[in-house]
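Keep in mind that the numbers below use all heavy atoms, side chains included, and drop hydrogens, waters and symmetry copies. The shown structure was predicted, so the numbers you read here are calculated from the model rather than taken from an experiment.
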Amino acid sequence: MRELAAEENLRRQGYQVYYPRLLRPARVRGRWLDRVTSLFPRYLFLRLSVGDQAIAPVRSTVGVASVVRFGGDYAVVPDAIVDDLRTREDPATGLHCLHGHSEFEPGSNVRIVADVFDGLQGVFQRESGDERVVLLLGLLGRDTLVEVPAAFVLPQSDAEAKLAGL
């Protein structure tokens, strides 16, 4: 993760840097664990004090591959966009979440795409907090409520639902 090296080295040089990260489930040795990853892989936000700080040291900082340009001009991200990103962070951890609110309506058909229930179809019931959802699954001939990470659930098209008998 070159972003961490770039962030640390730029801060050490006195630059203001924003490196947005998120928790994302990842499969490690057959188990699902939450991993901290970049919200925008290979990108950081840098606030440059024009007139007081030069861009040249940034380009040669360890961890920095290049500075984004459009033609000959450096890309400028409005402060409002960075401020909005900061407001979406979890205040306790500073991390972003991909699912700020459920994308599913109660009763909508879903498919689990990871974990022990991988491939099963079910019906969305409700959110259960901490990025988890409750689904109704047909297991062993009976309907069962199951709680799974929201990141493991995708919407199921109507055609898929009919084929699955839901």
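When all heavy atoms are compared, the tightest approach of Leu44 to Ala6 is CD1-CB, 3.6 Å. When every heavy atom of Phe70 is checked against every heavy atom of Ala75, the shortest pair comes out as CE1-CB, 3.4 Å. For the residue pair Arg2 and Gly63, the shortest heavy atom distance occurs at NH2-N, 3.2 Å. In terms of heavy-atom proximity, Leu4 sits nearest to Arg21 at CD2-NH1, 3.3 Å. Between Ala54 and Tyr15, the shortest heavy-atom distance links the atoms O-OH, 2.6 Å.
In this structure, the side chain of Arg132 does not engage the main chain of Ala150 through any donor-acceptor pair within 3.5 Å. The closest donor-acceptor contact from the side chain of Glu89 to the backbone of Leu85 lies at 3.5 Å or more, if one exists at all. Between the Asn9 side chain and the Val62 main chain, a donor and an acceptor come within less than 3.5 Å of each other. Judged purely by atom type and a 3.5 angstrom limit, Gln53 uses its side chain to pair as donor or acceptor with the backbone of Gly14.
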- Message: Under the criterion side chain to side chain contact (heavy atoms under 4.5 Å, CB included), I'd like the reasoning laid out for Leu120 against Val146: C-alpha separation, chi angles, the key distance, then a yes or no.
- Response: CA-CA 12 Å; Leu120 293 179; Val146 176; over 6 Å; no

- Message: Assess the residue pair Thr144 and Leu136 against the criterion (side chain to side chain contact (heavy atoms under 4.5 Å, CB included)); give the C-alpha distance rounded to whole Å, side-chain angles, the decisive distance to 0.1 Å, and a yes or no.
- Response: CA-CA 6 Å; Thr144 306; Leu136 183 64; 5.8 Å; no

- Task: Output, in order, the C-alpha distance, side-chain angles, deciding distance and verdict of salt bridge (charged side-chain N to carboxylate O under 4.0 Å, His left out) for Asp84 and Arg88.
- Result: CA-CA 7 Å; Asp84 184 53; Arg88 295 170 189 248; 3.0 Å; yes

- Query: Val110 and Val123: side chain to side chain contact (heavy atoms under 4.5 Å, CB included), yes or no, with the steps?
  - Reply: CA-CA 6 Å; Val110 297; Val123 179; over 6 Å; no

- Query: Given Val36 and Leu22, is the side chain to side chain contact (heavy atoms under 4.5 Å, CB included) satisfied, shown in steps?
  - Reply: CA-CA 6 Å; Val36 176; Leu22 62 96; over 6 Å; no

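Within the model, atoms CZ of Arg12 and OG1 of Thr61 stand 10.0 Å from one another, a figure rounded to the nearest 0.5 Å. Once rounded to the nearest 0.5 Å, the distance linking OG1 of Thr37 with NE2 of His96 reads 11.0 Å. Annotation: the span from Leu135 atom CG to Leu145 atom CG amounts to 9.0 Å, rounded to 0.5 Å. Atoms CD1 and CG, on Ile112 and Leu137 in that order, are 4.5 Å from each other to the nearest 0.5 Å. One distance of note links CD of Gln121 with CZ of Arg111; it measures 7.5 Å at 0.5 Å rounding. Here the CZ atom belonging to Phe45 is positioned 14.5 Å from the CD atom belonging to Gln16, to the nearest 0.5 angstrom.
Between the side chains of Tyr19 and Ser38, at least one donor N or O lies within less than 3.5 Å of an accepting N or O.
The aromatic rings of Phe124 and Phe104 sit tilted, their planes meeting at an angle between 30° and 60°.
Glu105 and Arg126 are not joined by a salt bridge, as no carboxylate oxygen comes within less than 4.0 angstrom of a charged side-chain nitrogen.
Criterion: ILVMFWY side-chain heavy atoms under 4.5 Å apart, direct or through other members. Under it, Val76 and Val82 are not part of a common hydrophobic cluster. Hydrophobic clustering, with ILVMFWY side chains joined whenever heavy atoms are under 4.5 angstrom apart, keeps Val50 apart from Leu46.
Residues satisfying the side chain to side chain contact (heavy atoms under 4.5 Å, CB included) criterion with Asp79, sequence neighbours excluded, are Arg47, Asp83.
Pro57 places a side-chain heavy atom less than 4.5 Å from the side chain of Gln13. Contact annotation: the side chain of Leu10 approaches that of Val58 to within less than 4.5 Å [non-hydrogen atoms, C-beta and beyond].
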